[in-house]
Every structure is written in structure tokens, then in C-alpha cells.
Amino acid sequence: QTADVAFAYAFFQPGQKMLTERFFGYDNPSGEYGETIVEDRVFYETTPNYSYMRFGYNYPYQAQQAHIEMEYAKLNSQTLVAQVSATGLEKSGSQPLHLVPITWFHEGGSIIRVDERTWDAVTPSGHFVVIASRAPDSWQITENAYPKRAVFNAVMIKNNQLANSGEGNKAGWDFVLPLAAGQTESIRFGLAFAADTASARVAAQAALDTADTLLSQRKTEAQALYKNDVSAHGEVYQAALMSLLFNKMLYRYDGSYQVEWKGKVKMNDIVFVPDKWEFPWVAMWDSAFQANVATLADISQAKHDLTLFLSDKWETSGGHVPNTEWDLLAETPPLFAWAAWQIYQKDGDKAFLAQIYPGLDNQYNYLSKAFDRDKDGLFTGGFMGMDNIPRPGRPDDEEADLSGWMAFFFRDMVKISNELGKTDRAQFYQAQYDKTADAINAQLWDEETGFYYDRNSSGLLKEKSYSGLIPFIAGVAPADREQRIIAALSDPKQFWTSYGIRSLSAQSSLYEPGYSISGWKNSNWRGPVWMPINYLIVQRLQEVNPDLADQLREALITTVENQWQQTGRFYEYYDAETGTGCGADHQTGWTALVANLIAEKYAQ
């Protein structure tokens, strides 16, 4: 009922160019390594129902003059208290910090100033009230209209105070916090939704009145969450799951950025996203990996997301599951059958499998038509999420990875079909698996080098990469070929490192172990260690070489844990020579799989 109303913080110090309403960073073409956040921020405790959240942030990015902690604790599902605590750092200087809490509607609505400490955001279904613990130094209401930055330009750039007037659907307070080094100032807010203003005000004030107890109690509850799940690596395990939970958000999209897609997708729901700053939108293979992590943290959300993406709100009637909002025609590897089976293994919910089965079946219809046009059992679909992986290009290219992914899809559809008693469909998918496995082994294997490769009309592209490892993951390699692939995997001169499996053999002339200098700056698949592929390699090795699987598991856990201990962050991928984190730095779209690696060995 309150989905259209938002409450968030902005910050400002005199001399800054603008009011900071979001993290400072660079877009993809501008940053040294592509899209990059340069501000220091860390996620702390979070619970699945957001009864408690804590987040740390240093402001501003150039000087880091203040360390700010933001906490939220729920009194009940409609009422919470929020606290902002700002502590001066060594470079705090003489300028105060301006804390500017903002309440706004995305569209429509109106906000009323009830008194000097109270906003009332009026919705069609009720009232969202915000009460501050003390009166602000100034206030302003305006329309939430484009350009967004213009809302507070007059305040922050011209005279450093709000107008103490206005009307509309976006409202801000300004709290001026003089900070010396080591000094902490805190402001609290009671937030509540109710059918009428009076009830909402009573509830919001109750949250403020009980704030000390409420914040302490909820924090203690959160710190105990997941704490005794595992016998080793407990801190990084807990942090990975809570970082995953931080990357859940309200996601809305109707396809309108692309004219031909307007109205064809209908997303207005709470879902996991890969990273709220760099990737604040859904990406399908990220979502599949996130669902697997969520089996440890919030299995109901894992089921919700998969069910949503395989419904008519996202999947088309023809079975296409759009990859991302900015390229709805594209797809990434079809991993929802795998993710569904991982979820089912945790709780045996057959009703969940039955609910999503039609969407999975329909996805097969699309994939078989779109990516195997010559009906030979081999598939091609572009980069398939691995942005700059070496490819042979057209004409008539066939991809080892997508062909392997399809075999992987068929394998899990056999399991799901059998579990649901759909024996005819199980036999059908087994036949598809056998056809694709035979085609991969007949046409994409190179006996001389002992590896699978992409192929086009000119022959095989003999670059040993993740592309050729997907058939191994899918289990299509005969035993003798499997051993040759394992030999390459375990060879430090090719794939093996103490940080995980490289995405491209170190023997390749294209090998770049960290950030790329040849292009694709922040999404390099020509050498670095990527957790999602490594996780699936561990799963496969567990079946055929458990000792090597355990070595790889420990290497991956140590890599992620070391970087988290140093920075508090979970990176998108890792430098194959140093283990340094690269890319998006709160990317629990898949790096939180470290929690699965830990739980699979150390669960208590």
C-alpha cells in the first residue's frame, strides 16, 4: 500500500557541488575500469523481513570527513524507527554536515507539513507519516519533477538552507550537524502507515519512544541470524547472506525504454538484483544464482523470483525470458531449471516445481527455435553473459558453452519431469540431452588438445576458455575426455590458480588476469576468476573428483573471504594472479555463492 512512497537520505557539506542523493561514481565509459563507485560503504546486519538493517557510509568520497551509519528497526510490519549517526573523521574540518531526509512519491500523491517535525504523505489507501526526533533547521516541499537535481539546487548551492515553504509530492528536512573529529550526532525518525493521519502519528511516535529498546533488540536478533549454520568461515558466510538481502529492491519496468516492448513486461515487485548501484535491474542468470544463495537466507524469496520471471509478467507467450531491461531481446544461459532443482533439494516443495514447470517447458520451445535453427543439436546465442569471451564469429557458428548450457537445462528438466510424474516429458528431455551431448562430442571436441571449442565454418576456435568447460559441467564428456579436461583444469599453466579457475587459459595470447586493457573494462572474461562458473565446476568435480573439488572449494572461499576481510565487499570477479577483487564491489548477484560453498562442507 505504501509502495509509491519513498524515504531516503541525502547529504551535503558547504562547498560540495550538489546534494548527494546517491553514491558518487562513474558510468561505464568514464571510469578507469568502467562503471565504478568511489565512495566507501559497507553493508552490515540485515534480516529477510528487514526487521533490522544497518549500513555504513563515508562522506564525501574525496575527503571522507564523516562516517555515517544508517539503521532501521521495525516495531511491526507497518511501523519502524530509522536512525542516522554521523561521526566526524580526522578531516571533518570546520564545515557542518547537512543531513537531508527526503520523503517523496514516485508519481502522484501529496505531502502535508503537519507540524515542524511531521510529514504526512497522503496516498489513496492511507497515510504514511514521518516524525523526526527534533525539529529540522529548515524544510521544503516541491514537486518530484525532472530535473530531479533542481529540487534542492536553491538550497544547497545558493544559501545552504531550505526555503521553509512549498507544496507538492517531495519533501525534505535539513538537519545541520556540526562535527568535530570523534564527535557523533544522531537523528531518529518514526515512520508508520495507517488508514488515517492520527493513527499513523501515534504509531510513528511509538517507534520513536521505544527506539533505544527497539534498535538494540532488533540488532541482537539480526546478529544471531545464520550465526550457527556453519562450523567454519562463519563471519563471511553470514555477511554474504546479509549482503544478498541488501540487494533486494522494488523493481518496476514495463518495457517502455524499447518502443516495441512497451507493455509486454509488467514488473512491479520486490526482487533480488545483482547490485543496487551498478546493476539495479534484474539479470536472468544472476537471478538463478541468487536463488540458489537465497535457499540459505530466504527460500520463499528464491521461489518468488523464479516464479515471477517464468510468469506472463516477464516471460513472453513464446517462451522468451528477457535478460535485462536494456536488452529485452537477449538471453543469458538458461539456468532456471538448475536453480529450481537446487531450491527443491532444500525443502522438497513439489507444488513449487509444478507451478513453474509450464514456464520452463515454454522456455524450451523458444530456445530450441531461436538458437538451434539448423536442428543439429548444437546452439549459438552470442556472448551469453560472458561479454568478451573469445568467439569465432559467423558464419554458421556453434557455441560449446550454449550447447553445454542446453544439455545442462535438459538434464535438470529430466529430473524435474520425473519428480512430477511426467514420464513422457522426462523421456523427451532425455532424448534432447542425448542428441546435444552426441553433437557436442562429435563436432566441438579437439582430440589433439583435449578440449571443447566453439566452431564455425572455418573450424574450431582453439582458445581454451570457460566456453569449453560448460560441456564438462553438463556432464556430456565421456570418461576419457573428462580426465583430459580435469588435467587442464588442474594445470597452473592453463586454468588452475590458488584463487580459482581462470576464465581463459594463461597460455592464450589474449589472457588478461584482472581488469582488461584491451576493452570491456569492467567485465573481463579473458582470464579473471568468476564465481558462478567456478561454483558449477565445484558441483561437477564433486561427482567425479571430490579431492580436487575440495581444493577448489577452499581456494574460492579463501579468495572471497580475504577480500571481504580487507574491504567488507563481495566483488564481481577476482584477479587470477593476485586474488584482488574487480568489477562491481557489492555484487551478490553470484559472488554470495561463497555461502553455498561453505554450507555444503561446513553445515552444522
Side-chain angles (χ1 to χ4, degrees), residues 7-26 31-33 36-46 52-73 81-102 132-134 136-138 152 155-157 160-162 172-189 211-212 215-216 219 222-223 235 239 242-243 246 275-278 562-571 580-581 584-586:
F7 174 82
Y9 305 113
F11 302 97
F12 174 77
Q13 278 187 314
Q16 293 294 313
K17 294 180 180 180
M18 67 184 71
L19 184 76
T20 301
E21 294 183 276
R22 60 174 299 179
F23 299 130
F24 181 85
Y26 297 98
E32 181 181 4
Y33 300 117
T36 306
I37 307 172
V38 296
E39 288 180 302
D40 185 22
R41 76 268 182 258
V42 178
F43 301 132
Y44 298 116
E45 301 90 353
T46 316
Y52 183 78
M53 298 174 67
R54 183 167 69 97
F55 169 65
Y57 168 57
N58 284 359
Y59 175 88
Y61 84 95
Q62 306 102 318
Q64 295 191 343
Q65 295 178 345
H67 175 71
I68 302 163
E69 288 204 358
M70 289 158 270
E71 295 177 86
Y72 300 85
V81 66
Q83 176 173 276
V84 181
S85 300
T87 302
L89 302 178
E90 288 184 10
K91 298 180 181 179
S92 59
S94 59
Q95 297 284 17
L97 174 71
H98 289 250
L99 165 64
V100 185
I102 305 169
S133 58
R134 73 163 173 85
D137 293 274
S138 58
F152 290 111
V155 179
M156 299 296 124
I157 294 177
N160 296 336
Q161 78 170 33
L162 295 171
W173 284 312
D174 181 19
F175 294 90
V176 182
L177 308 178
L179 291 181
Q183 176 185 352
T184 299
E185 295 283 345
S186 297
I187 306 290
R188 288 172 173 171
F189 306 92
D212 287 335
L215 287 163
S216 176
K219 184 175 184 179
Q223 288 175 333
E235 290 185 350
M242 290 183 174
S243 188
F246 254 102
D275 181 324
K276 283 181 181 176
W277 195 91
E278 293 194 45
N562 285 345
Q563 287 293 288
W564 173 77
Q565 289 173 340
Q566 293 176 36
T567 67
R569 302 179 184 184
F570 295 90
Y571 289 86
T580 302
D585 58 5
H586 277 296

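- Taking both residues in full, the closest heavy atoms of F7 and A82 are given as CE2-CB, 4.4 Å, listed atom of the first, atom of the second, then distance.
- In terms of heavy atoms, P178 sits closest to E185 at O-CG, 4.1 Å.
- Under the 4.5 Å side-chain criterion, counting only non-hydrogen atoms from C-beta, I68 is not in contact with L99.
- Of all heavy-atom pairs between H98 and P14, the closest is CD2-CD, 3.9 Å.
- Using a distance-only test at 3.5 Å, with no hydrogens or angles considered, a donor-acceptor pair links the side chain of T567 to the main chain of Q563.
- In this structure, the separation between CG on D275 and CD1 on I37 is 5.5 Å, given to the nearest 0.5 Å.
- Atoms CD and CZ, from Q95 and F12 in turn, are 8.5 Å apart once rounded to the nearest 0.5 Å.
- The two residues F175 and A132 have their closest heavy-atom pair at CZ-CB, 3.8 Å.
- Taken from CZ in R54 to CZ in F246, the straight-line distance is 9.0 Å, to the nearest 0.5 Å.
- Closest non-hydrogen pair, R188 versus A211, comes out as NH1-CB, 3.5 Å.
- If you look at F43 and H586, their ring centroids are closer than 6.0 Å.
- Enclosure of atom CD in E235 is not indicated, since only 12 or fewer non-hydrogen atoms of other residues, nucleotides or ligands lie within 6.0 angstrom.
- Of the possible polar contacts, none joining the Q65 side chain to the L97 backbone as a donor-acceptor pair under 3.5 Å is found.
- Distance CD/Q83 to OG/S133: 8.5 Å, rounded to 0.5 Å.
- Between the side chain of D137 and the main chain of V176, a donor-acceptor pair closer than 3.5 Å is present.
- Applying the side-chain hydrogen bond (donor to acceptor under 3.5 Å, both in side chains) criterion to N562, with sequence neighbours excluded, gives no partner residue.
- Between F189 and W173, the angle of the ring planes stays under 30°, which puts this pair in the parallel group of the 30/60° scheme.
- In this structure, Y59 has its ring center no closer than 6.0 Å to that of Y61.
- When each of Y44, Y57, F55 is checked for a side chain to side chain contact (heavy atoms under 4.5 Å, CB included) with E69, only Y44 meets the rule.
- Enclosure of atom CD in Q566 by more than 12 non-hydrogen atoms of other residues, nucleotides or ligands within 6.0 angstrom is indicated.
- Scanning all heavy atoms of the two residues, the minimum distance from A86 to L179 falls at O-CD2, 3.6 Å.
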Could you walk me through whether D585 and R41 satisfy the side chain to side chain contact (heavy atoms under 4.5 Å, CB included) test, starting with their C-alpha distance in whole Å, then the side-chain angles of each, then the deciding distance to 0.1 Å, before giving a yes or no? CA-CA 10 Å; D585 58 5; R41 76 268 182 258; 2.7 Å; yes
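- Side-chain atoms of E39 come within 3.5 Å of backbone N or O of F24 as a donor-acceptor pair.
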